[in-house]
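I'd like to ask some things about the structure below.
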Amino acid sequence: MAKSFDPFGFKARAEIAKYNAQAQHEKTERSKVFAKMSVIKSVFGNKKASALGNDLFENAEKSPGALTGVSMLYNSNPDALRRLSRVSILQSPTAGAMVNRLAEVVVGSGLRLRPQPFWDIIDPNKNISPEQRAEWEKNTEQRYRLWGKSYSPEYNTRRNLPQLSRACFDYLLQDGEYFVLFRYANTREQNPLTLQIIPPENIAGGYTNKPGHEVVNGIEYDANGEAVAYFIHDDSTGKTIRVPRFGERSGRVIMLHNFLSTNEKQRRGVPYLASCIQELIKLGQYEDLEIQAAIVNALFAVWVETPEGMEPAAPISGQGARRAADSKRETTSTDPDAKEYVSQFNTLDMNKGGIVADALPGGTQLKSFDTSRPNVNFGVFFSEVKKNIASSKNLPLSVVDLAFNNSYSGARGELLMFWMSVNRFRQNHGYDFEDDVFQMWFLGEVARGRITAPGVTTSKELLLAYTNAEWIGNQRPDIDPLKSVNANIKEQQHGYKTGAEITAERTGGDYNENLATINAEWEKIAAANKHMEDIIATRSRSQNVGRTNE
């Protein structure tokens, strides 16, 4: 191709100006990273900052297209922010409480499957009766629950499916992402699917020579920017293995990668606490210092006041945490009391702090002093800082502290606002993890003839229609259950809610199962009452016959 004619160099000067502007932008972004690292060093010190990754400086220099702020820091070195997040959770009780509280409420002991197939798409001609549909849903739910409760779902059979689900969500909050390897065994006896969680730090390295493809932070992307493969570092062999995202022939999920993102250009996850890591670590350090101040202040601190004109004396034997070598005492007295005094003095334990003031010179006296530590306003200040941090993550302080001291309406309002975040995280976890696992398990059951679902192996639409589901977890706590029950009764009477919706919200159970169980219980109660009535009637007749004979 012939070069365009540019006799005056306009295009060249435009390119130079564009390059200079880009270089200035990169310099500005690198300065932000350096400022971030200076904060890290001020928090952890040079030694710990080095352990957390001083190569952030080098990587920032080599990543001109990186993003700003936390995302730039993370994309420059994915391990750095991940380690910072883990350190903050371990060092700050507040950080641990925020993460654990959210995970406990969103996933808890696991999410329960409730199949909700789109029967209008599966059976548009209505050939399947409602009874058959209900039986199909019951069979599917029971088989999936049975498989999930066993230890078969995990590759090394250490955890069941609810525990794996909780572990993945913990990774999501702590590291901002998780990776799950889907393995398929060649067996006809049981479902072939097993899951293996891959730590985020093991997704690294790799290369590709495919045109248009690139590898960034252990993930291979095609020309459209879609992830097509992952490079897993095996700690036992030291080798890196390329794993495709989907099976080439079957199209099944091989590698699942879910992450928290802040923008469209982001390719690795940002930890849940990324925006407040510095504050959390400093808050934890402040808490430690106040506790240490309380320990020091618990010691009986005094000084010796010497009268004016007298030379200062050293009337104190023993020096805090250790005793001088020449501070031992001896006695030549035969008095048992003197011997016992010397023996007790020489065996005093000074490891917890303390002094012995003995034989003060005449005119000297001991005086104590009061200290302002720990700070009397520590609790108020600490709570205010925690409230600001928690509110930035849509967490009420009462939920973080598990202290509900407000009025009924105030506490209920906090729980309702918090539950919006819970529903969002739970739905996303259902879409991102639970649905994929259920779909791959479902295909294995269909292939083995244990579930009937024609066309799912050839039609993605039918597979999604058959495996549409709702994932039920811990229910929102009730501050006043009677008020909630009365409100639900009125909502059901007016058609605002169904019995199934109310049951799911209150207990997470199944409305139809409840009705069947309650009906059986009522029949038993009615039979028992009828039996008691017959016994009472028989006794009454017997008594009447006895009176007549008399």
Side-chain angles (χ1 to χ4, degrees), residues 104-105 108-117 119-120 123 126-150 160-162 404 408-409 411-412 415-416 419 422-423 426 450-452 468-550:
E104 187 65 31
V105 177
S109 58
L111 303 181
R112 189 169 68 85
L113 167 70
R114 175 179 295 164
Q116 292 185 338
W119 290 111
D120 290 340
D123 182 31
K126 304 295 189 294
N127 294 324
I128 304 176
S129 66
E131 292 77 14
Q132 291 174 324
R133 295 179 180 183
E135 185 62 28
W136 186 94
E137 293 174 8
K138 182 178 179 181
N139 176 57
T140 303
E141 180 180 353
Q142 289 181 345
R143 288 188 177 279
Y144 188 72
R145 189 184 302 179
L146 187 66
W147 175 75
K149 289 177 63 177
S150 70
N160 57 27
L161 185 59
F404 299 92
Y408 168 79
S409 57
R412 186 173 184 274
L415 283 178
L416 290 176
W419 215 253
V422 172
N423 287 335
R426 184 176 293 169
R450 292 192 279 263
I451 293 179
T452 303
N468 183 62
E470 184 180 359
W471 300 98
I472 309 300
N474 294 328
Q475 303 309 302
R476 187 181 71 238
D478 256 336
I479 299 175
D480 191 336
L482 182 59
K483 290 183 178 179
S484 299
V485 169
N486 291 332
N488 285 329
I489 292 174
K490 291 184 178 180
E491 288 177 331
Q492 187 179 20
Q493 290 174 348
H494 291 281
Y496 302 143
K497 280 185 180 179
T498 65
E501 290 175 333
I502 295 173
T503 305
E505 290 177 0
R506 294 206 53 82
T507 64
D510 187 277
Y511 182 66
N512 293 325
E513 288 183 2
N514 288 353
L515 290 179
T517 303
I518 291 172
N519 186 50
E521 290 175 349
W522 284 348
E523 289 179 354
K524 292 180 181 179
I525 293 174
N529 291 336
K530 181 67 168 60
H531 181 64
M532 291 299 298
E533 291 174 357
D534 291 342
I535 293 175
I536 293 172
T538 302
R539 288 178 179 176
S540 177
R541 286 194 298 269
S542 299
Q543 291 175 357
N544 292 333
V545 170
R547 292 193 187 112
T548 302
N549 292 334
E550 291 177 358

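All figures in this text were calculated on a predicted structure; none of them were measured in a lab.
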Applying side-chain hydrogen bond (donor to acceptor under 3.5 Å, both in side chains) to Trp147 and not counting sequence neighbours gives none
Do the side chains of Asn139 and Arg450 get nearer than 4.5 Å, heavy atoms only? no
Applying side-chain contact (heavy atoms from CB on, under 4.5 Å) to Glu470 and Leu113, what does each step give before you reach the verdict? CA-CA 6 Å; Glu470 184 180 359; Leu113 167 70; over 6 Å; no
Can you list everything that forms a side-chain hydrogen bond (donor to acceptor under 3.5 Å, both in side chains) with Gln132? Sequence neighbours excluded, please. Ser129
Contacts of His531 that satisfy ring pair (Phe, Tyr, Trp, His ring centres under 6.0 Å) - sequence neighbours left out: none
Hey, does Thr498 have a side-chain heavy atom less than 4.5 Å from the side chain of Tyr511? no
Applying side-chain contact (heavy atoms from CB on, under 4.5 Å), can you list everything that pairs with Lys126, at least two apart in sequence or on another chain? Asp120, Arg133
On a heavy-atom basis, the closest approach of Asn474 and Gly108 is ND2-CA, 3.7 Å
Quick one: side-chain contact (heavy atoms from CB on, under 4.5 Å) partners of Val422, sequence neighbours excluded? Val105, Val106, Phe418, Trp419, Arg426
Check whether any side-chain N or O of Asn468 sits under 3.5 Å from a backbone N or O of Pro117 as a donor-acceptor pair, and report yes or no. no
List for me each residue that meets salt bridge (charged side-chain N to carboxylate O under 4.0 Å, His left out) alongside Arg143, sequence neighbours excluded, and say none if there are none. none
Residues which pass ring pair (Phe, Tyr, Trp, His ring centres under 6.0 Å) with Tyr496, listed by chain and number, not counting sequence neighbours: His494
Side-chain donor or acceptor of Asp123 paired with backbone N/O of Ile128 under 3.5 Å: yes
Partners meeting side-chain hydrogen bond (donor to acceptor under 3.5 Å, both in side chains) with Gln475 (sequence neighbours left out): none
Trp471 meets the ring pair (Phe, Tyr, Trp, His ring centres under 6.0 Å) criterion, sequence neighbours left out, with none
Just verifying a value: how many Å separate Ser109 OG and Asn160 CG, rounded to the nearest 0.5 Å? 9.5 Å
Can you list the steps and then say if Lys149 with Tyr144 is a side-chain contact (heavy atoms from CB on, under 4.5 Å)? CA-CA 9 Å; Lys149 289 177 63 177; Tyr144 188 72; over 6 Å; no
Lys524: which residues meet the salt bridge (charged side-chain N to carboxylate O under 4.0 Å, His left out) condition with it, sequence neighbours left out? none
Atom of Gly148, atom of Pro162 and distance for their closest heavy-atom approach: O-CD, 3.4 Å
With rounding to the nearest 0.5 angstrom, report the CG to CG distance, Asn486 to Leu482. 4.5 Å
Using a 4.5 Å cut-off on heavy atoms from C-beta on, say whether the side chain of Ile472 contacts that of Leu111. no
Under the side-chain hydrogen bond (donor to acceptor under 3.5 Å, both in side chains) test, residues paired with Glu141 that sit two or more places apart: Arg112, Arg145
Determine which pairs satisfy salt bridge (charged side-chain N to carboxylate O under 4.0 Å, His left out) with at least one residue from residues 487-497, sequence neighbours left out, and list them in order. Glu491-Lys497, Lys497-Glu505
Can any side-chain N or O of Asn519 pair as donor or acceptor with the backbone N or O of Leu515 at less than 3.5 Å? no
With the side chain counted from C-beta on, respond yes when Ile451 and Trp136 share a heavy-atom pair under 4.5 Å apart, and no when they do not. yes
